[in-house]
Amino acid sequence: MSDFRRAARAVIVGGGIVGCSTAYHLAGLGWREVVLLERHKLTSGSTFHAAGLVGQLRTSANVTQLLGESVKLYGRLEAETGLATGWKQNGGLRLACTPERWSEVKRQATMARSFGLEMHLLTPGEARAIWPLMRVDDVVGAAFLPTDGQASPSDITQSLAKGARIRGVRIIEDAEVTAIEVRNGRAIGVGTTLGPIACEAVIVCAGQWTRELCGSVGVNVPLVSIEHQYMITEPIPGVGPTLPTLRDPDRLTYYKEEVGGLVMGGYEHDPIAWATSGVPKTSGFHLLNSNWDHFQQLMELAMGRVPALETAGVKTLLNGPESFTPDGNFILGEAPELRGLFVGAGFNAFGIASGGGAGKVLAEWVVGGEAPYDLWPVDIRRFGRAQGDVRVVRERALEAYAKHYAMAWPGEEHHSARPLRRSPLYQRLCSAGACFGEKMGWERPNWFAGPGEDPEDIYSYGRTNWFPAVAREHAATRETVALFDESSFTKFMLVGRDAEAALSWICANDVTRPPGNLVYTQMLNTRGGIEADLTVGRLAPDRYYIVTGTGFVTHDADWIRRNIAPELDAHLIDVTSAYATLALMGPQARAVLAPLASASLANVSFPFGTLRELHVAGAPVLALRVTYVGELGWELHVPTEFALTVYDALMESGRAHGIVNAGYRAIETLRLEKGYRAWGADIGPDHTPLEASLGWAVKLRKNIPFLGREALELQRTTPLRKRLCGFTTEDVDVVLLGRETIYRDGERVGWLTSGGFGHTIGRPIGYGYVRRAEGVDEAFLRTGSYELEVATDRVKAEIALGPLYDPGMSRVKA
Ligand SMILES: Cc1cc2nc3c(=O)[nH]c(=O)nc-3n(C[C@H](O)[C@H](O)[C@H](O)COP(=O)(O)OP(=O)(O)OC[C@H]3O[C@@H](n4cnc5c(N)ncnc54)[C@H](O)[C@@H]3O)c2cc1C
């Protein structure tokens, strides 16, 4: 081994649970010369003061799987290292005290079943039988997850550290990383209080200090510190070592057993931010002053549930700072701004639950150069410029914290840090009754209130108040014409002598067609999984215009840039802010646009799948003949300062044709009917185009090499093990949201990746992969009889292998 104080293969910054777990796994993958540096002592950041509850169920199957990896690891670690971990698999109880919460819990139980996690529904009496100290007079029902548990955070971290040392990792305490060294856009080492260390990979697991350390080299890690408190009681009669953990979201609190007493903490609606002018370099094992005044609200709620707390002695009220993120999920992966710099931070008070699995996938990410499976909900690239300002991050993180135990309503929007980013049409759309949602900082119209309606969401697990408005917008798009403000769409230019060669390698579809052509394509990883799903238009031999989803700006730019060979002359430029995007869709689209356009819109001169530069109402416009709603239409990309002119002219010209404003929720119902896939839901890095029935958009028949080709060619030689299918239910009142379980002939075969309603066909619609180890072919799919489990009830369903609504492409292409 070389002198680890000068050179290492990887340097891990931070000796909390996440750093130690990453070190343990990295060494387990065969990496030698791994050094972990901890400024103080191991566990001395947030880890030592965690309560230690370990729950697993999340809304993403893969993040649930990651938490399941923690549970598996904690179950075997003590035997492996000989160091106690305090791991107890006593199970976890979750209460529901309102009918709405009960609906949510039942949907969670179905989701757990979809993901293969055991979760039982209990009556209040059954719940009390396993948690006898609680009152259940207000409880509607409960759920029990038998594989959840609790651990001693410091012990488990020391055990991971010992396991890492056994595998050869050098762990150095009292050693601070003071700088990250960068050369040619790569992290190449760190400066430390012991001197510089050169390395291939810098892995920052520095908890609350991660944002500032990474910020020093231009890497954005949007997290902030928030105070979090729990109290520990003296022993209470009846509290035994086998007591399950308990979560009581309607009373904002959680509990676990500790030395015969209870740990009780919670998520108040008015959390307190910590270190707003920069996270101090505290001495290790730093705690904040107990804040009884603030904790009182949780105490009162808890005493209503556990009367024994009224008389129990209190050992301590612990107040610890912890890092929180704008969406309540942690942050993993290689920084898009700097190759060789990896991040594992922002654990939102579930770092003990996640630590084992997060360290495992982060180590695999470092070794393999890409995420081992789809980790989009926790991927560092889900953020962008909109999360670059710490004040914005703090406002949103405080909201996420306050909502931790609130009902997670379908379609719910955040209210903080808004409005931040507005399209030029914003005021017009406000006046037209828009109810806005937010994505990547953008205000986006979700739906438009009609006369007598308020443009405000009223959330529900049943039919929502926006259902009729979306139905109107949907019908107008199908029958007449609608205008959608899609200005938030991500737009890139790819320019340079080698633009074609670069893009042709990255895209699965053929983008070598001449200028004027528009191609729908996926970008694949080496496993054939779909990393991006976008539209590529060729403007000139050396210039492409690329359009992708609002939320994918950082991710897709990173994917494209990292896959351009360094010797090629091809440069990606984000031009999102330069162009507003107005999508004019519906059978009357041509009639509305033609009188304003400087060029013919006839099919012969402007066919489907092409783009043209022309003028609309005097404004220079890049018009794309494309659709995501299954109707005739154009996406008009307009320099932002011309956008209002074009919008006003279109609305004026469309008046005679009954034009309406329409929003994102109508786009969703329309695309569900047409069977267009959504990246991040129906398709993603774990699904290939063949599995998603998108083989038609892949150039396999042409002799052109592309990233992912070999994996697809191999996959073609064996039966597909899963296939994306559509489903409808006969019962029109069923509300499909995604994550519902799919049964074929009574056997669980998958779960829905999206759900919604098709207003033209008048039925609920879901999409999901039907899975079978021996293979899934058309005969197998067509012969089964299907059911969907919705909030624990089974409903009859029909499978659809093609679009559910199809006027024929002749109408779209007419
Ligand atoms: C009150 C409270 C209760 C909680 N309860 C639970 C729970 O029940 N279940 C659960 O799952 N989670 C819980 N958590 C969350 C959990 O504690 C954290 O998510 C987890 O400990 C985060 O681990 P980490 O390794 O990311 O960060 P940390 O433990 O903070 O480790 C980061 C380390 O990096 C070191 N460091 C920073 N900068 C440098 C540098 N420049 N050079 C070298 N070292 C550096 C720090 O000294 C620190 O030791 C709780 C948190 C709090 C505050």
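Counting convention: from 1, in listed order, for ligands and their atoms alike.
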Test item: [X] side-chain N/O and [Y] main-chain N/O as donor-acceptor pair under 3.5 Å:
X	Y	value
Ser216	Leu213	yes
Asp250	Cys97	yes
Ser159	Ile156	no
His286	Thr282	no
Glu334	Trp365	no

Near [X], which atoms of ligand 1 are under 4.0 Å from a heavy atom of that residue?
X	answer
Ile17	23 (O), 25 (O)
Ala51	3 (C), 4 (C), 5 (N), 6 (C), 7 (C), 8 (O)
Leu37	43 (C), 44 (N)
Gly320	53 (C)
Cys205	32 (C), 34 (O)
Gly45	29 (O), 30 (O), 48 (C), 49 (O)
Phe347	19 (O), 26 (O)

Are any of the N/O atoms in [X] less than 3.5 Å from those in ligand 1?
X	answer
Arg39	yes
Gly52	yes
Val13	no
Ala353	yes
Ala50	no
Glu322	yes
Leu213	no

Pair Ser46, Glu322: side-chain N/O donor-acceptor within cut-off below 3.5 Å: yes

task: Could you name the option among Gly207, Ser46, Ser283, Gly15 that has the heavy atom nearest to atom 30 (O) of ligand 1?
output: Ser46

- line: Of Val177, Ile172, Leu288, the one whose closest heavy atom lies nearest atom 42 (N) of ligand 1 is Val177

Is the cationic atom of [X] (NZ for Lys, CZ for Arg) positioned less than 6.0 Å from the six-membered ring centroid of [Y] and within 45 degrees of its normal?
X	Y	result
Arg167	Tyr24	yes
Arg396	Tyr401	no
Arg381	Trp376	no

Least distance between heavy atoms, [X] atom then [Y] atom:
X	Y	value
Phe144	Asn90	CZ-O, 3.7 Å
Pro153	Thr47	CB-O, 3.3 Å
Arg211	Val221	CG-O, 3.0 Å
Glu257	Gly240	CG-O, 3.2 Å
Ser60	Phe115	C-CE1, 3.6 Å

message: Would you call the rings of Tyr254 and Tyr267 parallel, tilted or perpendicular, taking 30° and 60° as the class edges?
response: tilted

Residue and atom name of the nearest protein heavy atom (relative to [atom]), distance in Å to one decimal:
atom	answer
atom 2 (C) of ligand 1	His228 CD2, 3.4 Å
atom 49 (O) of ligand 1	Glu38 OE1, 2.7 Å
atom 9 (N) of ligand 1	Leu53 O, 2.9 Å
atom 21 (O) of ligand 1	Thr47 OG1, 2.9 Å
atom 37 (C) of ligand 1	Ala206 CB, 3.5 Å
atom 13 (C) of ligand 1	Ala349 O, 3.3 Å
atom 24 (P) of ligand 1	Val18 CG2, 3.8 Å
atom 34 (O) of ligand 1	Gly14 CA, 3.2 Å

Which segment of Tyr230 sits under 4.0 Å of ligand 1 when only heavy atoms are counted: side chain

task: Check each heavy atom of Ser323 against ligand 1 and say whether those closer than 4.0 Å belong to the side chain, the backbone, both or neither.
output: neither

message: Is Ala345 close enough to touch ligand 1? Criterion: a residue heavy atom under 4.0 Å from a ligand atom.
response: no

task: Answer with yes or no whether Ala175 contacts ligand 1, where contact means a heavy atom under 4.0 Å from a ligand atom.
output: yes

message: Name the residue from Leu67, Leu117, Asp148 that meets the side-chain contact (heavy atoms from CB on, under 4.5 Å) definition with Leu57.
response: Leu117

